[in-house]
Amino acid sequence: MASKVVQLGTQQIKPILSANKIESRRRVLNLYRAWYRQLPYIVTNFHVPLTTTQCKSRLRNQFSKNKGLTDLRVIDMMVIKGQMDLMEVVNNWKQRNHVMQLFDDFSEASKSKDFLAKFYEGHEH
């Protein structure tokens with residue numbers, strides 16, 4: 001009985017943009033291409049201290065982080081957010097520090113483990 005309720009609930013949800021996975025994939029690839037094309041201008045206009053090649057690899061990493069998403073509504077919302085971010089960057093509505101956050105690596109390996117970082121984490125040594 002509970003599984004039928006879940007099935008009915010998932011059937012009643014209307015898609016945001018994409019009707020199926022193929023259309024969703026097309027939207028993601030179009031967004032990726034748009035960002036990819038704009039990267040040389042972004043690096044020049046915002047004086048990003050990275051090369052265009054480095055920015056392209058970080059862009060690829062950002063998209064790869066969400067590779068496992070399967071819910072079409074979540075994918076569509078992320079595409080919408082990505083389009084909004086791109087529009088804000090292209091129209092210079094974002095400042096340099098906002099653009100730098102887009103290309104910043106937030107992985108654990110890249111974080112430094114100096115005294116202050118350990119202090120902020122609460123380690124004694």
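We number each residue from 1, following the sequence as shown. Every heavy atom of this structure was used, including side-chain atoms; hydrogens, water molecules and symmetry mates were not.
- Residue E23 comes nearest to N20 through the heavy atom pair N-OD1, 2.8 Å, listed as atom of the first residue, atom of the second, then distance.
- Within a 6.0 Å sphere centred on CE of M87, other residues, nucleotides and ligands contribute more than 12 heavy atoms.
- Side chain of Q54 to main chain of T51: a donor-acceptor pair is present (N/O by atom type, distance under 3.5 Å, no hydrogens or angles).
- Counting non-hydrogen atoms of neighbouring residues, nucleotides and ligands closer than 6.0 angstrom, the CZ atom of F63 exceeds 12 such neighbours.
- Using a 4.5 Å heavy-atom cutoff, the side chains of R73 and S18 are not in contact.
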- request: Kindly determine whether I16 and I80 satisfy side-chain contact (heavy atoms from CB on, under 4.5 Å), including the steps that lead there.
  value: CA-CA 10 Å; I16 297 174; I80 291 169; 4.0 Å; yes
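- A distance of 14.5 Å separates NE2 in H98 from CH2 in W93, rounded to the nearest 0.5 Å.
- Closest approach of R96 and H47 over heavy atoms only: NH2-O, 2.8 Å.
- Counting all heavy atoms, side chain and backbone alike, V99 lies closest to V48 at CG1-CG2, 4.2 Å.
- Interatomic distance, OG of S24 versus CG of L72, reported as 5.5 Å (0.5 Å rounding).
- No side-chain heavy atom of N45 sits less than 4.5 Å from a side-chain heavy atom of V89.
- Atom CZ of R26 has more than 12 neighbouring heavy atoms from other residues, nucleotides or ligands inside a 6.0 Å radius.
- The nearest pair of heavy atoms linking F103 to R58 is O-NH1, 2.6 Å.
- Minimum heavy-atom separation, L86 to A34: CD2-CB, 3.5 Å.
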- request: Would you please test V43 and L50 for side-chain contact (heavy atoms from CB on, under 4.5 Å) and show each step?
  value: CA-CA 7 Å; V43 168; L50 301 171; 6.0 Å; no
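- In the hydrophobic clustering of ILVMFWY residues, with side-chain heavy atoms under 4.5 Å counting as a link, I75 and L17 come out apart.
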- prompt: Are D85 and E88 close enough, and set up right, to give a side-chain contact (heavy atoms from CB on, under 4.5 Å), and what steps lead you there?
  reply: CA-CA 5 Å; D85 284 342; E88 290 170 359; 3.9 Å; yes
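- For M78, the CE atom sits in a loose shell: 12 or fewer heavy atoms of surrounding residues, nucleotides or ligands are nearer than 6.0 Å.
- When the side chains of ILVMFWY residues are joined at heavy-atom separations under 4.5 Å, either directly or via intervening members, L69 and V79 end up in a single hydrophobic cluster.
- Annotation: the span from Y32 atom OH to R37 atom CZ amounts to 11.5 Å, rounded to 0.5 Å.
- At a cut-off of 3.5 Å, with distance as the only test, no side-chain donor of N30 or R27 sits close to an acceptor on the other residue.
- Scanning both residues, I42 and W35, for their nearest heavy atoms gives CD1-CZ3, 3.9 Å.
- For the atom pair Y36 OH and L59 CG, the distance stands at 8.5 Å (nearest 0.5 Å).
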